[in-house]
Amino acid sequence: MVGSYAAGGGRGAAVAAVAEGKLDELRRRMGKADGDLLRIVGVGGGAWGSAFCALLQDAYGRHRDKAQVRVWRRPGRAVDRATAEHLFEVINSREDVLRRLIRRCAYLKYVEARLGDRTLYADEILRDGFCLNMVDTPLCPLKVVTNLQEAVWDADIVINGLPSTETREVFGEIGRYWKERIRPPVIISLAKGIEASIDPVPRIITPTQMISNATGVPLENILYLGGPNIASEIYNKEYANARICGADKWRKPLAKFLRQPHFIVWDNSDLITHEVMGGLKNIYAIGAGMVAALTNESATSKSVYFSLCTSEMIYITHLLAEDPEKLAGPLLADTYVTLLKGRNAWYGQKLAKGELTLEMGDSIKGKGTIQGVSAVHAFYELLSQSSLSVTHPEVKKLVAPVELCPILKTLYKILIKRLVRLPLLLFLLVLIYVYRLKFFAHFTCRELATDSILQAIRDESMYDPRERIEMSQRQCLYRPSLLGLPKDSLMYSLHSGPQDPSLCAKCISCSNTDSILY
């Protein structure tokens, strides 16, 4: 079985012994007595959250007297007939899965669902190892709980597998269950996205901040894990790496605990840059999908887009961190794989091909939430604020930061403003009415909207990507207020508000001379 200890012989025993040693070490660090289980709970049953918990179940689930891995997901989500039929085909194409279900007396319900005689539910099939957003990749069986209080009240480690758009609400409820806790749990967030708050001052709210605000758990106990993580490929043991980011107290022990032969986990202290990049990459992945579809997968066009969008991402991180982590290693790999294959890139492709429309929303059957859509809105609104103005390098005038991010502006016009050329749209409506040319109108309207992404990357006035990066390092862009830091702090006084470029030599944030080559 994929992801199990079925490597056989001495090698499997050796892997199990190493896993038990790591488990014992973490149990000691968390103060667990003999007979007291290390309770790990995943919150959310999406693709990556489910696969991540399945990795932990495969690694540590056999040590039942020492660890317990469970997943919470909402009850009542029905599996439609088409998905049930496809799931039945997947089961019968995998002998190991078929045998497992027969042994567990669980096969008959999938036969009945295939025939339309029974309705399956998402929490039900997850117990058998099938994630509704990833039915082509069977996981190991998982312990699934549908009562949130039961799942989390005594958890030692909580895995946030929710979209960023749902994190605040669910952890707000969890916070009520933790009011009487003496020792806070450790939380690992997989969520990639941000919220923007404009009042009273513009600032971002990352998923780890949402969790801390909602539950009262100190930020030193909340970490972020990110990297080039395509859930199905990682569970199928494609080699991958990731970084776990946060305070010193937990990141190194957890990096060691999470590391597996095919899944290398490093640790890093720069939580902000990694979380922000996790949200930004989803934005630019939608544009990458559009470019790929509109240029017939042109390698040249996609590479041009990659260089331009990464320079915008670097520029934005310099607003949020004094000395941001360089776009390299897992940060760069995460961006690359998301632009190449992630659900946000898929969404951009489908929009450009006319196979999806914006009216369908950002929650797509079989894919889950397309987090890049809400992130476009959040970052655009945030970076449009005049209070964050920066000096334009050519006209030497103060402008909102978004004016130096043409791709972000274009994606906002496409996805949020839904900009099309009105006169031609009216003409098309006449054609629809007179000739019923539905396909023609649908195709042309989406071309008018999505092909503007190509205009953005072909703009002759566009900066060389390196110039934008050097601009971000040369100007004093860092705005502590964006992270909610107090105005009376030393860092705020040094970096808040528009800066005179002549003072740049006196600003400690501009001592960063690291460069990124394109």
Side-chain angles (χ1 to χ4, degrees), residues 46 162-170 189 191-210 213 272 275-291 305 308-309 312-313 315-317 319-320 335 338-339 342-352 356-364 367-389 399-420 446 448-450 452-453 456 479 481-484:
L162 297 165
S164 59
T165 50
E166 298 179 21
T167 293
R168 180 187 298 279
E169 177 187 352
V170 174
S189 179
K192 296 174 179 179
I194 70 157
E195 287 183 357
S197 176
I198 305 303
D199 296 320
V201 294
R203 65 189 183 95
I204 67 165
I205 307 170
T206 65
T208 56
Q209 291 171 325
M210 295 177 205
N213 294 339
I272 290 296
E275 274 199 287
V276 169
M277 282 292 194
L280 284 172
K281 71 181 181 60
N282 289 331
I283 291 175
Y284 292 101
I286 296 176
M290 292 177 181
V291 170
Y305 179 84
L308 293 171
C309 76
E312 284 192 19
M313 293 170 69
Y315 180 83
I316 292 170
T317 59
L319 289 163
L320 301 166
T335 301
T338 304
L339 268 61
R343 77 180 71 173
N344 291 275
W346 171 88
Y347 180 73
Q349 283 189 320
K350 294 297 183 181
L351 285 178
L356 288 177
T357 65
L358 294 171
E359 288 70 24
M360 294 178 179
D362 59 0
S363 183
I364 307 298
K367 289 291 183 180
T369 302
I370 307 300
Q371 297 189 64
V373 177
S374 62
V376 166
H377 190 271
F379 274 103
Y380 182 89
E381 292 295 322
L382 185 73
L383 299 179
S384 296
Q385 302 304 305
S386 59
S387 60
L388 303 176
S389 294
V399 296
V402 76
E403 296 301 320
L404 298 174
C405 301
I407 295 177
L408 175 60
K409 284 181 63 179
T410 301
L411 289 171
Y412 180 80
K413 291 176 182 178
I414 295 172
L415 299 171
I416 309 303
K417 300 295 285 185
R418 304 185 180 188
L419 184 65
V420 295
R446 59 93 175 169
L448 289 175
T450 57
S452 57
I453 195 70
R479 301 290 188 272
S481 61
L482 282 172
L483 304 176

Quick one: does any side-chain atom of Gln371 pair with a main-chain N or O of Pro163 as donor and acceptor, under 3.5 Å? no

Which residues pass the salt bridge (charged side-chain N to carboxylate O under 4.0 Å, His left out) test with Lys409, sequence neighbours left out? Glu403

Give the C-alpha distance, both sets of side-chain angles, the deciding distance and a yes or no for side-chain contact (heavy atoms from CB on, under 4.5 Å) between Asp362 and Thr165. CA-CA 11 Å; Asp362 59 0; Thr165 50; 5.8 Å; no

Among Thr338, Thr335, Val376, which residue satisfies the side chain to side chain contact (heavy atoms under 4.5 Å, CB included) criterion with Asn282? Thr338

Minimum side-chain heavy-atom gap Tyr347-Lys367 below 4.5 Å: no

Rounded to the nearest 0.5 Å, how far apart are CG of Leu382 and CD of Glu195? 12.0 Å

Do Arg343 and Ile370 pass the side-chain contact (heavy atoms from CB on, under 4.5 Å) test, and can you show the C-alpha distance, the side-chain angles, and the key distance before you say yes or no? CA-CA 7 Å; Arg343 77 180 71 173; Ile370 307 300; 4.0 Å; yes

Nearest heavy-atom contact between Tyr315 and Cys405 is CD2-SG, 4.0 Å

Where Ala400 and Gln385 come nearest, the two heavy atoms and their spacing: CB-O, 4.2 Å

Identify the residue among Leu408, Ile414, Ile407 that makes a side chain to side chain contact (heavy atoms under 4.5 Å, CB included) with Thr410. Ile414

Which is it for Glu312 and Tyr284 under the side-chain contact (heavy atoms from CB on, under 4.5 Å) test, yes or no, and what are the steps along the way? CA-CA 9 Å; Glu312 284 192 19; Tyr284 292 101; 2.6 Å; yes

Can you find a pair of side-chain heavy atoms, one from Leu339 and one from Cys309, that are under 4.5 Å apart? yes

Go through it in stages, so that I can follow the logic: the residues are Val276 and Phe379, the test is side-chain contact (heavy atoms from CB on, under 4.5 Å), and I'd like the CA-CA distance, side-chain angles, deciding distance and then a yes or no. CA-CA 10 Å; Val276 169; Phe379 274 103; 4.0 Å; yes

Can you measure from CG (Leu383) to CD1 (Ile316) and round to the nearest 0.5 angstrom? 5.5 Å

Return the minimal non-hydrogen interatomic distance between Pro401 and Leu388, and the atom names on each side. CG-O, 3.4 Å

For the student: nearest non-hydrogen atoms of Gly348 and Met290, plus distance: O-CG, 3.5 Å

Output for pair (Lys350 NZ, Met360 CE), nearest 0.5 Å, gives 11.0 Å

Working to the nearest 0.5 Å, report the span between CE of Met277 and CE of Met313. 4.5 Å

Taking the six-membered ring for Trp, are Tyr412 and Tyr380 parallel (under 30°), tilted (30 to 60°) or perpendicular (over 60°)? parallel

Distance in Å, Leu356 CG paired with Gln349 CD, rounded so as to fall on 0.5 Å steps: 11.0 Å

Could you check whether any side-chain heavy atom of Ile205 comes within less than 4.5 Å of a side-chain heavy atom of Arg168, counting everything from C-beta outward? yes

If you look at every heavy atom in Lys192 and Gly278, which pair is closest and at what distance? CB-O, 3.3 Å

Would you call Ile194 and Glu275 a side-chain contact if the rule is heavy atoms closer than 4.5 Å? no

Write down the atom of Ser164, the atom of Gly193, and the distance for their closest heavy-atom approach. OG-CA, 3.5 Å

